[in-house]
2 protein chains.
Amino acid sequence: MNIFTMVGIFRRILLLRTPLRHLRPHRTLSFAARLSPVDLNAICCSSGQFVASTRKLHVGTDGPKSPPAAGAPERLPFSRVTEEDLAFFRKILPGRTITDPDLVESSNVDWLKSMKGSSEVLLRPQKTEEVSQIIRYCNSRNLAVNPQGGNTGLVGGSVPVYDEIILSTSLMNNILSFDSISGILTCQAGCVLENLSLYLEERDYIMPLDLGAKGSCQIGGNVATNAGGLRLLRYGSLHGTVLGLEVVLADGQVLDCLASLRKDNTGYDLKQLFIGSEGTLGVITAVSILCPRKPKSVNVVFLGCETYEQLLKAFQLCRGMLGEILSAFEFLDSECMRLLNTHLKLPNPISDCPFYIVIETSGSDPKHDAEKLHNFLEEAMASSLVSDGTVATEESKIKALWSMRERVTEALTHDGFTYKYDISLPLEQIYQLVIDMRQHLGGRAKSVVGYGHVGDGNLHLNITSSTKDPALLAAIEPFVYEWTASCRGSISAEHGLGLKKRNYIYYSKPSQAVGLMGNIKAMLDPKGILNPYKTLPDDVK
Amino acid sequence: MNIFTMVGIFRRILLLRTPLRHLRPHRTLSFAARLSPVDLNAICCSSGQFVASTRKLHVGTDGPKSPPAAGAPERLPFSRVTEEDLAFFRKILPGRTITDPDLVESSNVDWLKSMKGSSEVLLRPQKTEEVSQIIRYCNSRNLAVNPQGGNTGLVGGSVPVYDEIILSTSLMNNILSFDSISGILTCQAGCVLENLSLYLEERDYIMPLDLGAKGSCQIGGNVATNAGGLRLLRYGSLHGTVLGLEVVLADGQVLDCLASLRKDNTGYDLKQLFIGSEGTLGVITAVSILCPRKPKSVNVVFLGCETYEQLLKAFQLCRGMLGEILSAFEFLDSECMRLLNTHLKLPNPISDCPFYIVIETSGSDPKHDAEKLHNFLEEAMASSLVSDGTVATEESKIKALWSMRERVTEALTHDGFTYKYDISLPLEQIYQLVIDMRQHLGGRAKSVVGYGHVGDGNLHLNITSSTKDPALLAAIEPFVYEWTASCRGSISAEHGLGLKKRNYIYYSKPSQAVGLMGNIKAMLDPKGILNPYKTLPDDVK
């Protein structure tokens, strides 16, 4: 039975039974690979720095030849790596102590190519004990360390600022155990997210998080940055799904909180401290995580709304009628659609509307899921909450629908220099920020667009200009941060603070909280060797 | 259509459409109300203390007349409450500074009546600012404080050990906001869980946790103890669902982390520190929590299994076929059934089996849920995973089925003196502990029974004896803790450590972790005034 026959105005009437893993292969990565240097500059955040010169890397000198760009923090008085230090590292990590500048280079530059450090040493441990020995040594020698996972972060948290030693978890990529009854996976920190997903899918499970960068990002980095991603609406944050961590502390001690239990109330939940601390409190070496069963059915629908209020009502209806099978509720505005049409030649799959929604369902019974979706669509249309829509089933069509949401970032890079903001707000206020920003900027910006994970309250606000425009930036900031703070929003919903955003923390956190963060940092890392210059603002030492 | 007609051997063929809130009204509380003093002694944990004498309460003397029972920690050198102190409290809390011994009495005794403190002052603030003033004053005066919510804890964490001032959150019971689109509730810490549930159900939402003690327990206490309860399998722990906290620190500072956002990656997630810290790091004054939509359909089924292996296979099948609608998977063994039959005259609703399962489903479509349950039951029977079963629909029948699981505790109190253990284990090993314990004890115990939240890996192991039996206790402990530790289990799955279990922490946490806990305590509460003698073991000062 074609369950959508009653919904006459939907132009694509297709049923979908595609495993989730096929839906989003390396999308963001393949996009990044196509960027030109100009594009990469363009997608750099307003607060980012880009160091264009390629420095010659060397050991045991007075440091980098080129200082970081203006606005970067001063180098703290850490020791510099000596030949004796290298000899020690080589003894622990024979063949895995990298000093060839060409090989260290890629670990010095972030994924957006907006940040560039000048580290001369890349260490690639395989075991926790090796990490422990390295960190203990670095702490005793006052050598700064930059822990690095897949280096896919967007706020400059994953690369050195100066000559910090890069400690890569890439070779720590073993799965330690998987319990097929409880769905609890335990693995080393360097396991690539996509590899874990493939491993689990063969066993009828999935990871509770999914990111565009899954082909490169590592689970340790995901946990260290509290990655959000595409499944958060359904499976919640890593604070709930991570059950245990093993962490090497700044003094080299191994903190074993690697319990793989759903319930454990024996004292403070220490692992939580390290989730989202961006490598500044310890180096995560292993992770235990609760994995959901693989859904037997996935559906995707693309809808149009006349107003943001209708979009919100549709979300409310959707939560009630799709209930436990809802797995994504994303949106984009008509300005995003214009950029998709103009720059990427992507045609609108439905009629023009001010707002568009992408809904995904994941469930255990294809027939039930299709019926729920049908009932929701019928009700949403009868209530005039949506004015047009389409459902996809073939893999190519599904990808086409998802790409309308996911290629907005790419379309923006073609529109000009982009000022990017990743904001959390109460759902009711999400789009008001876009409207107010447009009004505030008048005709000064080329485009002001809003899209994002509306189901999670996460707006991606992007503003373009023909060229880099300090006057425009001055009009955007601090307006955007003040607006966000006035609604008790977050100035970094999912990307973290890293180097780029750390000094904006006071817009989202009161000074008591920032002070307590500083106390925690001082307690766990008194010399400040772990990922210096990151997360904490300049005025917290 | 009666969807169970094909499952011929099920003796109760009933469909159920009862709102969840009607299923478990005050069950545990009403049970407690029926206990005699002898019973109350009996359900005291092996490590508990019971001070039978009723002390005369007084102010400004050298302390309690009767010292606590042997084995209790020594009183730390806190100041004693003076008339000047009382004058200060009365100025801040006119009419809410309670010193009448008869009125303070109930706050000195825990819910199990196994612990009794000798506090002479009960403070009942209404506002965060009042809590702040009190704590700041107590810190400056070196007066110890026992934060208290609904006082329903089971490990002696919620009552004073000596003369700590009791700071009750009972009058802090206002709902501050509810967003009917996002489902985010923000309220004061003293809101009673059941009142929040009723408030939400009127708005088509539910709380993400449900406890037997919901008629008394308060959300602040729930968060402070990281309460697990009956919905954890479905909605996860409070570390995932709590979005924000307001906490008064030991120096009186108000830490405002009361964000009501699903995503916020601006720095360390400080609120996590206070979830499960049992009031030892700060006083939670307000909570923001993400609430799920109210299910439109709830089903309950009671099944019998021949072996624990079959029970686990049934769980696995259940997770696959019931998927997103599974909301509880509980078990009891045949020894539990014997005690229910013998002491409470509860008949077995199905034929005798070694193991029994209670499964609950909650979903958004009654027809779909019934079909999923039917398909699961058919498959479970065809695979011989279950040998008998019954489904209930009328409220009385539902309660009867649930009571088979929930009245085991009550049945145990009639069986004799009960040694109680709340253990987390990998699912595969849960029942092996019961078997090994039986073998280890030989004929020394009267009954050795196992039941609990098997879906969460949480075993309630209970051992009875005709009378209190030190030799039996010596046979049980440390055997039970060593066995648990050998499987990397937790010696307190959901009850916390409080006073009773704090010194067993090393069975579940390595010394590094306990040391770090001590450092955190020293950082946040250098004088140790907040809930002293709790959570941390005696050797951590």
Side-chain angles (χ1 to χ4, degrees), chain A residues 179 181-182 226 228 236-237 239-240 253 255-257 259 261-270 272 276-277 293 312 315-316 319-321 323-325 363-365 368 372 424 426-428 456-458 488 490-497 505 508-510 512-513 516-517 519-520 523 535, chain B residues 179 181-182 226 228 236-237 239-240 253 255-257 259 261-270 272-273 276-277 293 312 315-316 319-320 323-325 363-365 368 372 424 426-428 456-458 488 490-497 505 508-510 512-513 516-517 519-520 523 535:
Chain A
D179 183 329
I181 295 177
S182 64
N226 189 30
S237 87
H239 287 286
Q253 271 195 91
L255 181 68
D256 179 2
C257 297
L261 303 165
R262 283 206 70 169
K263 287 165 124 177
D264 177 21
N265 272 355
T266 55
Y268 309 156
D269 194 354
L270 299 172
Q272 299 289 351
S277 65
R293 289 296 282 259
L312 281 190
F315 177 55
Q316 215 164 356
R319 293 233 303 172
M321 295 189 72
E324 59 277 5
I325 66 165
S364 61
D365 187 308
H368 291 167
K372 283 190 178 81
S424 254
L427 292 183
E428 296 87 336
D456 302 322
N458 186 181
R488 294 184 66 98
S490 168
I491 60 102
S492 185
E494 58 180 2
H495 295 164
L497 296 173
I505 191 172
S508 290
K509 287 269 161 60
Q512 287 94 334
L516 180 51
M517 283 174 57
N519 293 345
I520 292 170
M523 178 185 71
T535 311
Chain B
D179 182 329
I181 295 177
S182 64
N226 188 30
S237 85
H239 287 286
Q253 270 196 91
L255 181 68
D256 179 3
C257 298
L261 303 165
R262 283 207 71 168
K263 288 165 124 176
D264 176 22
N265 272 354
T266 54
Y268 309 155
D269 194 353
L270 299 172
Q272 300 289 350
L273 265 180
S277 65
R293 290 295 284 257
L312 281 190
F315 178 55
Q316 216 165 356
R319 293 232 304 172
E324 60 277 5
I325 65 166
S364 60
D365 187 308
H368 292 166
K372 284 190 178 80
S424 252
L427 291 183
E428 297 85 337
D456 303 323
N458 186 182
R488 294 184 66 97
S490 168
I491 59 103
S492 185
E494 58 181 2
H495 294 164
L497 296 173
I505 191 171
S508 291
K509 286 270 161 59
Q512 287 95 335
L516 181 51
M517 282 174 57
N519 293 345
I520 292 171
M523 177 184 71
T535 311

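In what follows, chains carry the letters A, B, and so on, assigned in the order in which the sequence lines appear, proteins first and then strands, with residues in each chain numbered from 1. Fair warning: this is a prediction, and the values are worked out from it, not measured in the lab.
Of all the listed residues (A/Gln253, A/Arg319, A/Lys372), the one sharing the greatest number of non-hydrogen pairs under 4.5 Å with chain B is A/Arg319. Ranked by heavy-atom pairs under 4.5 Å with chain B, the first of A/Ala513, A/Gly267, A/Cys257, A/Gly240 is A/Gly267. Counting heavy-atom pairs closer than 4.5 Å to chain A, the top residue among B/Gly363, B/Ser492, B/Gly323, B/Ser508 is B/Ser492. Considering only heavy-atom pairs separated by less than 4.5 Å from chain B, the leading option among A/Asp264, A/Thr535, A/Ile491, A/Leu427 is A/Asp264.
A 4.5 Å side-chain heavy-atom check between A/Leu255 and B/Leu516 finds at least one atom pair inside the cut-off. Side-chain contact between B/Ile520 and A/Met523 is present, with heavy atoms from C-beta onward closer than 4.5 Å. By the 4.5 Å heavy-atom criterion applied to side chains, B/Asp365 and A/His368 are not counted as neighbours.
Of the possible polar contacts, one joining the A/Asn265 side chain to the B/Asn226 backbone as a donor-acceptor pair under 3.5 Å is found. With hydrogens and angles ignored, the 3.5 Å screen pairs no side-chain donor or acceptor of B/Arg262 with any backbone N or O of A/Ser424. Between the side chain of B/Lys509 and the backbone N or O of A/Thr266, at least one donor-acceptor pair lies under 3.5 Å.
Scanning all heavy atoms of the two residues, the minimum distance from A/Gln316 to B/Arg293 falls at O-NH1, 3.1 Å.
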*Yes or no on side chain to side chain contact (heavy atoms under 4.5 Å, CB included) for A/Met321 and B/Ser364, after CA distance, side-chain angles and deciding distance?*
CA-CA 6 Å; A/Met321 295 189 72; B/Ser364 60; over 6 Å; no

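Contact of A/Phe315 with chain B is made through the side chain alone, with heavy-atom distances under 4.5 Å.
Distance CG/B/Leu270 to CD/A/Gln272: 12.0 Å, rounded to 0.5 Å. Note: A/Leu261 CG to B/Asn458 CG = 10.0 Å, rounded to the nearest 0.5 Å.
Salt bridge present: A/Asp256 and B/Arg488 bring a charged side-chain N and a carboxylate O closer than 4.0 Å.
Side-chain N/O atoms of B/His239 and A/Asp269 include a donor and acceptor closer than 3.5 Å.
Not counting sequence neighbours, the partners of B/Glu428 by the side-chain contact (heavy atoms from CB on, under 4.5 Å) test are A/Asp179, A/Ile181, B/Leu312, B/Pro426.
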